[in-house]
Chemist: 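Quick one: this structure, given as structure tokens, is what I'll be asking you about.
Computed from a prediction, not measured in an experiment: that's the story for all the values here. First listed ligand is number 1; within each ligand, the first listed atom is number 1.
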Amino acid sequence: MTLSSAPLESTVWWAHTSAASERLLRLLDSGELARQSRFRLQADRDRHLLGRSLARLVLAERAGCAPEKVTFELRCLSCEDKSRTGAERGDDAPHGKPVPTGAAQGWEISVSHSGEWVALALAREVAVGVDVERVSETRDLAGLAGYTLSDAEQQVWSALPAEGRVGAFFGYWARKEALLKATGLGLSGGLRRVTVSPPHAQARLLSWEGGGGPGAAWLSDLDRGSEYRSALAVLTDRPVQLAVHPPEHTADLLRG
Ligand SMILES: CC(C)(COP(=O)(O)OP(=O)(O)OC[C@H]1O[C@@H](n2cnc3c(N)ncnc32)[C@H](O)[C@@H]1OP(=O)(O)O)[C@@H](O)C(=O)NCCC(=O)NCCS
Ligand SMILES: [Zn+2]
């Protein structure tokens, strides 16, 4: 096997919001604590706390250092692109993908939360993006599909049986957002520019309109039950060996 075709390891941890505990607050840095206190809803505080504290614990273990030695730089590629082209930046408040710095430099992570679930994805040296979405009835689903799905995706989606469309929509969304989060562009990268395979087919990036897309991407659905859709993107042309830690494992890790 040549080195370039050797599988690349990526790991996902699932945390349930019931694992959130005050004890984890000690793992947050001052910026995260300030953000934590700005959330009005307990559920948002729990999800944010779990995402960042889990990331620190996992990275500390991988880097062989204390959790407080793990630091993050927030990078939003959309805003970096705008400032490179001289366009006005939308938002100057720190935001974007948490990129490990300090002792954990070289590792890449992605965090996602929806409803009662938090996902953390990790890989070494290659960018990852994870997304979890709760399937929810939306009043104007066709309208939403119109500005989030690409033309090719809409053609497939609108021909699906009516009862499968809500789940399929969130399946598309999770795959596309996982890719946009892996690149660091986030939703400002434009959901409609990204075309992925239909939810009933194996997950794959089909096209990325207008440049700025990844050279290569591995994409896979994750399973969080029928009420959620979730996907992982790893920006590599190598095969990916995925390990998934269920919520029980993650709860043990969080308890210390
Ligand atoms: C950030 C964004 C990708 C999150 O999507 P979402 O479905 O609402 O939420 P998720 O739970 O899946 O993801 C949230 C996490 O994504 C990460 N994230 C934030 N910006 C990101 C980016 N540009 N790329 C990758 N990941 C990003 C963060 O870790 C965040 O969680 P945390 O702050 O608790 O650590 C999306 O809301 C977005 O792109 N927003 C930007 C829109 C905007 O404000 N534009 C103006 C400035 S660019
Ligand atoms: Zn931005």
Chemist: Please list, in number order, the atoms of ligand 1 under 4.0 Å from a heavy atom of Pro98.
Modeler: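 So the answer, numbered in order with elements, is 28 (C), 29 (O).
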Chemist: Find the distance between CG (Asp140) and OH (Tyr147) and round it off to the nearest 0.5 Å.
Modeler: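 Result: 8.0 Å between the selected atoms.
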Chemist: Distance from Cys76 atom SG to Lys97 atom NZ, nearest 0.5 Å?
Modeler: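 Those atoms lie 11.5 Å apart.
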Chemist: Report, in ascending order of atom number, the atoms of ligand 1 lying under 4.0 Å from any heavy atom of Cys79.
Modeler: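 Contacts of ligand 1 toward Cys79, numbered from 1: 48 (S).
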Chemist: Check whether any heavy atom of Gly96 sits under 4.0 Å from an atom of ligand 1.
Modeler: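 Gly96 counts as a contact of ligand 1 under the 4.0 Å cut-off.
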Chemist: So does Asp29 pair up with Arg52, basic N to acidic O under 4.0 Å?
Modeler: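 No, no charged N to carboxylate O under 4.0 Å.
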Chemist: With rounding to 10 degrees, what does the angle His95:NE2 / the Zn ion (ligand 2) / Cys79:SG come to?
Modeler: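 Angle NE2(His95)-the Zn ion (ligand 2)-SG(Cys79): 100°, rounded to 10°.
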Chemist: Evaluate Glu32 against Phe72 for side chain to side chain contact (heavy atoms under 4.5 Å, CB included), listing each step before the verdict.
Modeler: CA-CA 10 Å; Glu32 290 161 339; Phe72 300 114; 3.7 Å; yes
Chemist: Have a look at Ala178, Gly189, Ser188, Gly186 and point out the one with the heavy atom closest to atom 41 (C) of ligand 1.
Modeler: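 Going through Ala178, Gly189, Ser188, Gly186 one by one, Ser188 has the nearest heavy atom to atom 41 (C) of ligand 1.
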Chemist: Can you tell me if Val132 contacts ligand 1 (heavy atom of the residue under 4.0 Å from the ligand)?
Modeler: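 Per 4.0 Å heavy-atom rule, Val132 does not contact ligand 1.
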Chemist: Any chance the side chains of Gln155 and Asp151 put a donor and an acceptor closer than 3.5 Å?
Modeler: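 Absent: no donor and acceptor within the cut-off.
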Chemist: State plainly whether the residues Asp131 and Arg175 are in salt-bridge range, i.e. N to O under 4.0 Å.
Modeler: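 No salt bridge links Asp131 with Arg175.
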Chemist: Can you list the atoms of ligand 1 that are under 4.0 Å from a heavy atom of His95?
Modeler: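 By the 4.0 Å cutoff, the relevant atoms are 47 (C), 48 (S).
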Chemist: Should the proximity of Arg47 to ligand 1, defined as any heavy atom under 4.0 Å, be assigned to the side chain, the backbone, both, or neither?
Modeler: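 Neither; nothing of Arg47 gets under 4.0 Å from ligand 1.
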Chemist: N/O to N/O below 3.5 Å, does that happen between Ser112 and ligand 1?
Modeler: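 Yes, at least one N or O pair falls under 3.5 Å.
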Chemist: Nearest heavy atom to atom 40 (N) of ligand 1 wins, so pick from Leu187, Leu180, Asp131.
Modeler: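 Selected option, by shortest heavy-atom distance: Leu187.
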Chemist: State the atoms of ligand 1, each with its element, that fall below the 4.0 Å cut-off from a heavy-atom position in Arg35.
Modeler: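 So the atoms of ligand 1 that pass are 32 (P), 33 (O), 34 (O).
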Chemist: Counting heavy atoms only, which of Glu80, Arg52, Lys181 is nearest atom 35 (O) of ligand 1?
Modeler: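 Comparing heavy atoms across Glu80, Arg52, Lys181, the nearest one to atom 35 (O) of ligand 1 lies in Arg52.
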Chemist: Can you confirm, on distance only, whether ligand 1 has an N/O atom lying under 3.5 Å from any N/O atom belonging to Lys82?
Modeler: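 No - when backbone and side-chain N and O of Lys82 are compared with those of ligand 1, no distance drops under 3.5 Å.
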Chemist: What atoms of ligand 1 come closer than 4.0 angstrom to any heavy atom of His113?
Modeler: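 Answer, ordered by atom number: 10 (P), 11 (O), 14 (C), 31 (O), 32 (P), 34 (O).
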Chemist: With no hydrogens and no angle check, do the side chains of Glu153 and Trp157 hold a donor and an acceptor under 3.5 Å apart?
Modeler: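 Checked: Glu153/Trp157 side chains show no N/O donor-acceptor pair below 3.5 Å.
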Chemist: With a 6.0 Å cut-off (strictly less than), is the heavy-atom count around CD of Glu227, excluding the residue itself, greater than 12?
Modeler: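 Not buried by this count: 12 neighbours or fewer within 6.0 Å.
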